[in-house]
Protein chains: 2
Amino acid sequence: MSKPINDGTYWREFEKNDITHSAAHYLMAIDALRESLGYARVTDVAEMLEVSRGAASMAISQLKKRGWVSEDPNRFLLLTEEGKQMAHLVEHNFRILSKFFEEVLGVGKDVAMSDACKMEHLMSLETGQRLVWLMRYILSDEERAAQVHQNMKSFQEGCEELPNACPLCETPDDCLASPAGSDTQQQAPEKSSKKK
Amino acid sequence: MSKPINDGTYWREFEKNDITHSAAHYLMAIDALRESLGYARVTDVAEMLEVSRGAASMAISQLKKRGWVSEDPNRFLLLTEEGKQMAHLVEHNFRILSKFFEEVLGVGKDVAMSDACKMEHLMSLETGQRLVWLMRYILSDEERAAQVHQNMKSFQEGCEELPNACPLCETPDDCLASPAGSDTQQQAPEKSSKKK
DNA sequence: ATCCTTTGTGTATCGGCCTAAACATCACCC
DNA sequence: GGGTGATGTTTAGGCCGATACACAAAGGAT
């Protein structure tokens with residue numbers, strides 16, 4: 001029933017992701033510093049991210065190797081075109097996700113931002129764009145937005161209070177709305193050689 | 001404008017996450033094996049995840065230390081209550097996300113599953129539940145679902161073709177719908193020669 | 001010229017996650 | 001007994017990302 005997750009096709013894509021969570025934040029820090037201060041040095045980045053200068057130095061030297069960061073003649077840090085694109089993509093994803101969680105789903109700000117920050121570098125461009133499209137659809141019509149918000153306000157757990165059949169559950173014990181799955185899970189394999 | 005991402009409050013929560021991507025898949029593999037075979041051994045897990053037996057052995061010994069995995073008297077692997085909960089939460093998140101991406105956003109199955117798999121262990125319980133709630137709202141009414149699908153079918157990039165003001169953009173140069181944010185650039189990072 | 005602070009880098013170490021390879025068990029079979 | 005194969009663990013690596021600590025270079029202040 002739950003094979004596709006573990007069939008060896010998808011689960012390693014996590015590590016193959018284009019960019020690392022921390023790398024994304026180094027890029028975004030450089031970008032933000034150049035916007036606010038006008039320049040960015042290793043020390044500034046380290047300070048902003050609250051890591052040691054050593055850590056920042058090592059991380060940034062990796063980013064240089066990957067072609068995302070370079071230096072100007074005076075050794076100030078620069079983002080390459082590609083680096084800027086990565087930084088902006090991740091920042092963009094963060095804004096989309098946190099806005100979606102907070103303003104559509106009604107999640108509290110802290111959780112919304114925490115979740116968004118964890119996922120920002122993992123969402124594909126296409127999914128992000130489509131999510132924007134959905135949000136725009138929902139939020140562009142006041143009445144529609146109000147209806148969605150009304151629905152989310154009555155958020156509870158479980159399926160029971162929904163009179164008509166829940167469209168999400170293919171089988172009764174496979175309810176997406178109840179977190180634990182919670183079936184009793186059959187017990188031990190009864191000793192002896194079941195294999196062979 | 002883009003400070004909150006990097007203010008040192010959120011960005012480290014990624015590493016503080018309860019569970020690692022690979023750890024989640026070890027748990028889910030044990031769970032799935034016990035469901036399909038009725039038992040799970042180190043070798044079975046290694047095979048399912050396509051890792052070496054050594055890797056599986058080491059990973060599982062960590063999971064035992066964390067109290068998520070135990071053994072029955074015959075050394076078959078068991079999930080503890082807590083382990084089951086983690087496994088089910090992540091599996092659950094995967095199903096929610098992939099279904100949302102595919103059936104609401106209209107993302108292709110491959111991208112939907114890949115994105116879902118990357119994010120499954122990072123989404124909080126609350127966000128997941130609320131996402132289910134939203135999906136149920138959208139999909140429970142046929143007409144509403146059809147309208148959303150119709151909207152997603154006309155998915156494109158950019159803001160221009162929407163006559164009324166886009167509710168997502170606070171400032172014109174901060175359009176959530178154009179991936180590159182403010183600057184002149186716009187497409188995804190490298191990965192395939194799509195430009196230049 | 002010398003001191004001292006700032007800045008950047010290098011080294012050692014750690015944990016996560018993998019491989020390959022050696023090793024230890026054990027069960028079974030003749 | 002002595003093979004043989006399957007199973008699990010350990011060890012030695014490698015890569016990555018983080019830390020702490022020490023060191024090097026540059027520049028201003030005296």
Side-chain angles (χ1 to χ4, degrees), chain A residues 6 8 11-30 33 37 39-66 68-78 118 121-122 189 191-196, chain B residues 6 8 11-30 33 37 39-66 68-78 117-118 121-122:
Chain A
N6 273 323
W11 87 277
R12 293 219 192 201
E13 302 210 4
F14 183 78
E15 353 177 332
K16 293 196 201 104
N17 204 51
D18 287 350
I19 190 170
T20 281
H21 178 76
S22 79
H25 278 272
Y26 279 102
L27 292 182
M28 291 191 294
I30 294 172
L33 283 166
L37 296 184
Y39 60 87
R41 296 164 306 175
V42 171
T43 301
D44 305 314
V45 173
E47 207 170 291
M48 172 169 265
L49 295 183
E50 294 176 357
V51 299
S52 65
R53 278 174 316 175
S57 177
M58 301 298 289
I60 289 171
S61 79
Q62 288 306 308
L63 298 179
K64 286 179 188 162
K65 276 189 201 150
R66 292 207 208 178
W68 286 333
V69 170
S70 60
E71 289 180 352
D72 75 3
N74 296 314
R75 316 222 331 123
F76 289 114
L77 297 173
L78 294 173
K118 290 178 190 169
H121 67 298
L122 297 169
K191 191 218 158 74
S192 83
S193 46
K194 184 165 253 187
K195 35 137 188 206
K196 241 204 210 111
Chain B
N6 273 324
W11 88 276
R12 296 219 189 199
E13 303 212 1
F14 183 79
E15 352 176 333
K16 293 199 202 102
N17 204 50
D18 288 351
I19 190 170
T20 281
H21 178 76
S22 81
H25 279 272
Y26 279 100
L27 292 181
M28 290 191 295
I30 294 172
L33 284 166
L37 296 184
Y39 61 87
R41 297 164 305 175
V42 171
T43 301
D44 305 314
V45 173
E47 208 170 290
M48 172 169 268
L49 295 183
E50 294 176 356
V51 299
S52 66
R53 277 176 306 157
S57 177
M58 298 299 288
I60 288 170
S61 79
Q62 288 306 309
L63 297 179
K64 286 179 188 162
K65 274 189 201 151
R66 292 209 208 179
W68 286 334
V69 170
S70 60
E71 287 181 354
D72 76 0
N74 295 310
R75 316 226 324 126
F76 288 113
L77 298 173
L78 295 174
C117 183
K118 290 177 189 171
H121 67 299
L122 298 169

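Note that the coordinates shown come from a computational prediction; the quantities given were computed from them, not determined experimentally. Proteins come first, then strands; the chains are lettered A, B, ... in the order of their sequence lines, and each starts at number 1.
- Note on ring orientation: taking the six-membered ring where Trp is involved, the planes of A:Tyr26 and B:Trp11 are perpendicular (angle over 60°, cut-offs 30° and 60°).
- Checked against salt bridge (Lys or Arg N to Asp or Glu O under 4.0 Å), A:Arg53 has no partners two or more places apart in sequence or in another chain.
- Residues that satisfy the side-chain contact (heavy atoms from CB on, under 4.5 Å) test with A:Ala23, not counting sequence neighbours, are A:Ile19, A:Thr20, A:Leu63.
- Taking atom CZ of residue A:Arg41 and atom P of nucleotide C:dT5, one finds them 17 Å apart after rounding to whole Å.
- Rounding to whole angstrom units, CD of residue A:Glu47 and P of C:dT7 are separated by 8 Å.
- Going from atom CG of B:Asn74 over to atom C1' of C:dT25 covers 15 Å, rounded to whole Å.
- Taking atom CD1 of B:Ile60 as the reference point, atom C1' of D:dT9 lies 12 Å away to the nearest angstrom.
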- Item | Where protein sits on nucleotides 11-28 of chain D, one letter per nucleotide: B base, S sugar-phosphate only, - none, heavy atoms under 4.0 Å | ------SSB---------

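- Residues A:Leu122 and B:Leu122 form a side-chain contact, since some pair of their non-hydrogen atoms from C-beta on lies under 4.5 Å apart.
- In this structure, the CZ atom of B:Phe14 is 19 Å from the P atom of C:dG15, given to the nearest Å.
- Considering only heavy atoms from C-beta on, B:Val51 comes within 4.5 Å of A:Arg12 through its side chain.
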- Query: Which is it for B:Phe14 and A:His121 under the ring-ring contact (aromatic ring centres under 6.0 Å, His included) test, yes or no, and what are the steps along the way?
  - Reply: CA-CA 11 Å; B:Phe14 183 79; A:His121 67 298; 5.2 Å; yes

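- A:Thr43 has a side-chain polar atom (N or O) that falls below the 4.0 Å cut-off from OP1 or OP2 of C:dG8.
- Between A:Tyr39 atom OH and C:dT6 atom P the separation is 14 Å, expressed in whole Å.
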